[in-house]
Each structure stands twice: as structure tokens, then as C-alpha cells.
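A short write-up of the structure that comes next.
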2 protein chains.
Amino acid sequence: MKISKELSKGSTGMIVLSVISRSEMYGYQIIKTVEMMSENVFQMNEGTLYPILHALEKEDYLTSRWVESEENGRKRKYYKITEKGIKELASQKQEWETYSTAVGKVLTGELQTI
Amino acid sequence: MKISKELSKGSTGMIVLSVISRSEMYGYQIIKTVEMMSENVFQMNEGTLYPILHALEKEDYLTSRWVESEENGRKRKYYKITEKGIKELASQKQEWETYSTAVGKVLTGELQTI
DNA sequence: AAAGGATACCTTGATTATCTATGTATAATA
DNA sequence: TATTATACATAGATAATCAAGGTATCCTTT
């Protein structure tokens, strides 16, 4: 990810699940899609993405299949979300909501200090 | 932090700077304050906090002093934010804003896929 | 008086997410 | 012909956090 430091750790799997949940995609396309949707805030690199895809598949959140491109003969590995993945995504979104709301509360100092 | 997984990685330093920016505090108090302000979402453990405090001090974002408590004789190490720390906090808040907004965009799918 | 829990500091070693670098290969462009 | 973009992948390094352990004092309950 481009966003400096370690801020995005932990959310990358959710981001990947999220974009795949809208349409079957291959790895390189995921990178470009996330880049575009985040307006270049997230610039995932391949060394990050591929291990995540493999892990998500191992957990049965995704399935994959090889597809030969029609324009060029290039092979692409398409990933599709599973039912289990859809549930996991919903759970992770909920957790993200809880987390980001909590950060907001601390940053804005809604409550008083002890 | 209590929030499961690794979601909060990278934001802990900012959280600490943020609570200290409102008043001088000692370590244990920081943990309790963050717990309260986040409504128990963040349950920082000591093994996380103390190394962070030392690192922030080393970077001159904080200064510390030992204070003997008046109620009981217990010694506490109070941390105070510096000018440099205030600037750093502002920068990290800005980054958090960019990051969380980007996550929101990807999750809600504001734009279309390629 | 003893025991346990809360307070208060700290460090070490393990875990894990991500990055950097590297590798392979093809297609399109300059 | 050389470079860039596409497309997959892995290995080793880095770094944030956690789990566990250590020391010590104070307060409350038994």
C-alpha cells in the first residue's frame, strides 16, 4: 500500500474481498481496481496481494480458475467470492466500522479524560 | 488492542499522541483513558504501550518526568507532548483521514470496476 | 494477618502483515 | 531492439503488536 507506515495493515484482506465481491477478477486487475477506487491511496504491490489471495482461497473465502484471455493468449487466474467469503466480508466490514468509529472518538476527544 | 486481528496496527502511536495532546498523562492512565474513550474497543496492553512511549520520546514527540503521587507514594512517569509531537499528530490525523476515506470508497464501491 | 486484585513500571521472544527484491514469461509500444 | 505493461509467483527482511514474564506498592476482602 502507498499510504505510509503501517496504517493499512489488517484491512488489505477486507479490501480484496470487497472488490472481488462485486465481480470475478484476476490478480492484476484487483490491484488496478483498488488503485482506481481509492484514487491512488492504495497502491498494493504484488508481493502483498498474491499471498493474500492464496490465504483467502485456503480459507475457502474465494475460489479460483485459470482463464485464457481472448484478446491475447495470456493466462489469468480469476478469483470468485464464496458464500463463506460473503459472510466473512460482512463480518470484517462490521469490525472496520467499529474500529474506525472508535479511532474517531479518541481523535476528536468526545469524552473527558479521567 | 482488543479489536481482533491486525486492524489497529499503525494507528496506536497516533492514538497515544492524541490522548496525551489533551493533557499530561502517565502510562497506566493512557491505557485506561483510551479504553474509556473508545468504549472498550481499544484495550491496549502494556507490552504495546511502553515501547511506543519510549519510541515517541526518542523521536522528541514527547518528554517525560517522574512524579511522586500525593495520595499514595507511588511513582508515575508523566508524558507531555512537544511542539514537534503536535505537528506529527496533525500529520498523522491527516493521513488517517485519507486512509479511512479511501477504505470507505472501496467498501461502498463508489466507482465502477474496470 | 494473609491473600488477591488493582496499580505502575518494564523487557524479551514470538507472531504476523506487509514490503522489497527477485524470478519467469508474454504482449504491446517506442 | 529495448522498454514498459501485463501476469503470475516466492523468499527474506522489516516492523507492529501480543503474550508472557518480571518487580514493586497499595488497597480491599477474608
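Per chain, numbering begins at 1; letters A, B, ... match sequence-line order. What you see is a predicted model, and the numbers here were worked out from it, not measured in a lab.
The shortest distance between the side-chain N/O atoms of B:Thr12 and the OP1/OP2 oxygens of D:dA16 is not below 4.0 Å. One finds no side-chain N or O of B:Tyr50 lying less than 4.0 angstrom from the OP1 or OP2 phosphate oxygen of C:dT11. When the side-chain nitrogen and oxygen atoms of B:Asn45 are compared with OP1 and OP2 of D:dT17, none of them lie within a distance under 4.0 Å. Taking 4.0 angstrom as the limit, B:His54 places none of its side-chain polar atoms (N or O) nearer than this to OP1 or OP2 of C:dC9. The shortest distance between the side-chain N/O atoms of B:Tyr26 and the OP1/OP2 oxygens of C:dA8 is below 4.0 Å.
Listed candidates were D:dA9, D:dC18, C:dC9. Nearest to the side chain of B:Lys77 is C:dC9. Considering only side-chain atoms of A:Trp66, the nucleotide from D:dC8, D:dT17, C:dC9 that sits closest is D:dC8.
The distance between atom CD of A:Gln29 and atom P of D:dA7, rounded to the nearest whole Å, is 8 Å. Note: CE (B:Met44) to P (C:dA8) measures 16 Å, nearest angstrom. Across the protein-nucleic acid pair, B:Glu46 atom CD and C:dA6 atom C1' stand 11 Å apart, rounded to whole Å. The distance between atom OH of B:Tyr28 and atom P of D:dC27, rounded to the nearest whole Å, is 14 Å. Between the CD atom of A:Gln43 and the P atom of C:dT18 there is a distance of 16 Å, rounded to whole Å. Rounded to whole Å, the distance from CE on A:Met25 to C1' on D:dC8 is 18 Å. The interatomic distance linking A:Ile52 (CD1) with C:dA17 (C1') rounds to 8 Å, in whole Å. Atoms CD (B:Glu68) and P (C:dC9) sit 13 Å apart, rounded to a whole Å.
Not a single salt bridge (charged side-chain N to carboxylate O under 4.0 Å, His left out) links B:Glu46 to another residue, sequence neighbours left out. Judged as a side chain to side chain contact (heavy atoms under 4.5 Å, CB included), and not counting sequence neighbours, the contacts of B:Thr108 are B:Glu110. Among residues two or more places apart in sequence or in another chain, the salt bridge (charged side-chain N to carboxylate O under 4.0 Å, His left out) test is passed with A:Glu35 by A:Lys32. In this structure B:Glu57 satisfies the salt bridge (charged side-chain N to carboxylate O under 4.0 Å, His left out) test with no other residue, sequence neighbours excluded.
Here A:Gly27 lies in heavy-atom contact (under 4.0 Å) with sugar-phosphate atoms only.
End-to-end axis angle of the helix from C:dA1-D:dT30 to C:dA30-D:dT1, from C1' rotation axes over five pairs per end: 10° (rounded to 10 degrees).
Looking only at distances, no side-chain donor or acceptor of A:Thr48 sits under 3.5 Å from a matching main-chain atom of A:Met44.
With side-chain heavy atoms closer than 4.5 Å counting as contact, directly or through intermediates, the hydrophobic cluster containing A:Tyr78 also holds A:Tyr26, A:Tyr28, A:Val67.
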Test salt bridge (charged side-chain N to carboxylate O under 4.0 Å, His left out) applied to B:Glu68 and B:Arg76, step by step: CA-CA 6 Å; B:Glu68 192 117 2; B:Arg76 293 158 171 172; over 6 Å; no
